[in-house]
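Below: the structure, in structure tokens.
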2 protein chains.
Amino acid sequence: MTSVTDNLNRFFETNGVKHTAQREAIVREFLNLKEHVTIDDLLRRVRSSHPGVGYATVYRTLRLLKEVGLADERHFGDGKALYEPISDHHHDHLICTRCHKIVEFENEEIEAMQERVANEHGFKISGHKMELYGLCADCQKEEAKKKR
Amino acid sequence: MTSVTDNLNRFFETNGVKHTAQREAIVREFLNLKEHVTIDDLLRRVRSSHPGVGYATVYRTLRLLKEVGLADERHFGDGKALYEPISDHHHDHLICTRCHKIVEFENEEIEAMQERVANEHGFKISGHKMELYGLCADCQKEEAKKKR
DNA sequence: CTAAATGCAAATTGTTTGCAGAAAC
DNA sequence: GTTTCTGCAAACAATTTGCATTTAG
């Protein structure tokens with residue numbers, strides 16, 4: 001089980017990556033996330049302890065994190081990208097189309113089947129994204145109300 | 001089974017949508033696609049028969065198609081959006097991370113299981129996206145060569 | 001001392017919008 | 001005739017890059 005600190009060290013040990021205060025702040029803040037962030041979210045958090053950090057540095061650091069395999073970037077349709085730390089166990093997303101709540105889940109069986117399908121097409125899988133869209137329990141109720 | 005012409009008619013019958021030459025060209029070209037296109041791809045195709053059509057018109061028409069439920073927009077990581085006609089049977093994507101080849105597939109079992117997982121979380125599903133990333137057969141060979 | 005990182009502003013890219021003229025209905 | 005389109009150019013938003021300066025190793 002890799003801890004946040006492990007990953008942080010792993011990050012700075014990568015070839016010629018220098019250890020600066022702002023990187024430390026960004027990477028640490030990011031790796032502790034359990035949720036998705038936009039660049040602005042992350043920058044805001046980082047600035048609360050390190051004012052003066054610029055957008056460019058966050059973008060650049062996030063790109064590094066992606067390259068090292070510690071961050072995942074996604075686009076849920078709305079303009080801006082969302083980032084999340086790649087955690088030990090992979091998970092997928094259930095997204096409510098009404099209130100935009102996001103629930104994470106994982107399911108071994110589905111993953112196994114994905115593997116099989118990929119093999120049938122000659123692919124060797126390295127990752128995947130799966131998003132299920134629909135109404136969450138609360139919003140189903142709300143929708144039912146509206147119809148009355 | 002809805003045909004291209006059915007969908008084309010359906011499109012122009014939508015509330016106050018006017019029937020213009022450029023729309024006809026764009027929509028027809030688009031609905032006949034079996035693959036994904038970028039805006040540029042589509043514009044290029046359309047211009048071969050209707051030169052002078054502008055980007056804006058393609059963007060606007062594609063937005064309409066999305067609203068009417070005839071087009072699907074996605075972002076596979078690279079900057080630009082890809083569009084594809086929504087066909088009768090849903091499918092998912094296998095994407096080669098090296099040559100960017102895209103293979104479509106469908107799998108009933110996985111879909112059934114997605115449904116089940118969603119139910120467990122109280123969700124009522126209306127759609128999903130699933131993308132498997134990895135190396136296609138050809139690129140696996142290429143990669144093997146490189147290592148020698 | 002040297003190579004790499006920072007912050008800023010300017011540049012780029014993909015997409016959207018305002019508007020005057022042109023078509024559709 | 002009125003409303004909806006079109007094409008263009010200008011506007012925008014997200015992200016990237018160039019560069020002078022600072023900082024880590």
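Just so it is clear, the structure is predicted and the values come from calculations on it, not from any experiment. Quick note on labels: first sequence line is chain A, next is B, and so on, each numbered from 1.
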Full working for salt bridge (charged side-chain N to carboxylate O under 4.0 Å, His left out) between A:E143 and B:K124 = CA-CA 12 Å; A:E143 288 295 314; B:K124 176 101 166 263; over 6 Å; no

Find which nucleotide of DNA chain C each of B:I39 and A:L64 is nearest to by heavy atoms, and output the residue with the more 5' nucleotide.
->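 Whichever sits nearer the 5' end wins; that is A:L64.
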
Any chance you could measure A:F105, atom CZ, to B:E120, atom CD, to the nearest 0.5 Å?
->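 CD of B:E120 is found 10.0 Å from CZ of A:F105.
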
Sub-3.5 Å pairs of nitrogen or oxygen atoms, protein against nucleotides 22-24 of chain C:
from: C:dA24; atom 1: N3; to: B:K18; atom 2: NZ; distance (Å): 3.1

Taking all non-hydrogen atoms of both residues into account, name the closest pair between B:L33 and B:P85 and its distance.
->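 Nearest heavy atoms, B:L33 then B:P85: O-CG, 3.5 Å.
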
Where B:A81 and B:E73 come nearest, the two heavy atoms and their spacing |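 So the two residues come closest at CB-OE2, 3.8 Å.
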
Counting only heavy atoms not in A:E108, do more than 12 sit closer than 6.0 Å to its CD atom?
->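 12 or below, so no.
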
Would you confirm whether B:R10, through its side chain, and B:V68, through its main-chain N or O, come within 3.5 Å as a donor-acceptor pair?
->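 Yes; at least one donor-acceptor contact below 3.5 Å.
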
Verify the contact: side-chain N or O of A:Q22 to OP1 or OP2 of D:dT23, cut-off strictly under 4.0 Å; return yes or no.
->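 The answer is no; no side-chain N or O of A:Q22 sits under 4.0 Å from OP1 or OP2.
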
Do the side-chain N or O atoms of A:R63 get closer than 4.0 angstrom to the phosphate oxygens (OP1, OP2) of C:dA5?
->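 Result: no.
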
Using the rule that two of Ile, Leu, Val, Met, Phe, Trp, Tyr join whenever any of their side-chain heavy atoms come within less than 4.5 Å, decide whether B:L8 and B:Y83 are in one cluster.
->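 B:L8 and B:Y83: one cluster.
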
I need the [atom1]-[atom2] distance between [X] and [N], as an integer number of Å.
X     : N      : atom1 : atom2 : result
B:L82 : C:dT15 : CG    : C1'   : 15 Å
B:F12 : D:dT4  : CZ    : P     : 16 Å
A:L62 : C:dA5  : CG    : P     : 16 Å
A:F11 : C:dA5  : CZ    : C1'   : 11 Å
A:D40 : D:dA13 : CG    : C1'   : 11 Å
A:R23 : D:dT23 : CZ    : P     : 15 Å
A:E24 : C:dA4  : CD    : P     : 21 Å

Identify whether any heavy atom of A:R60 sits under 4.0 Å from a base atom; if not, whether one sits that close to sugar-phosphate; answer base, sugar-phosphate or nothing.
->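 Base contact - A:R60 has a heavy atom under 4.0 Å of at least one base atom.
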
Any residue of residues 42-59 of chain B with a heavy atom less than 4.0 Å from an atom of DNA chain D |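 Heavy-atom cutoff 4.0 Å gives B:G52, B:V53, B:G54, B:A56, B:T57.
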
Indicate whether any N or O donor in one side chain lies under 3.5 Å from an N or O acceptor in the other, for B:E106 and B:H90.
->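 No, no side-chain donor-acceptor contact under 3.5 Å.
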
Tell me yes or no: between the side chains of A:E131 and A:H93, is some donor less than 3.5 Å from an acceptor?
->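 A:H93 and A:E131 do not have a side-chain donor-acceptor pair below 3.5 Å.
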
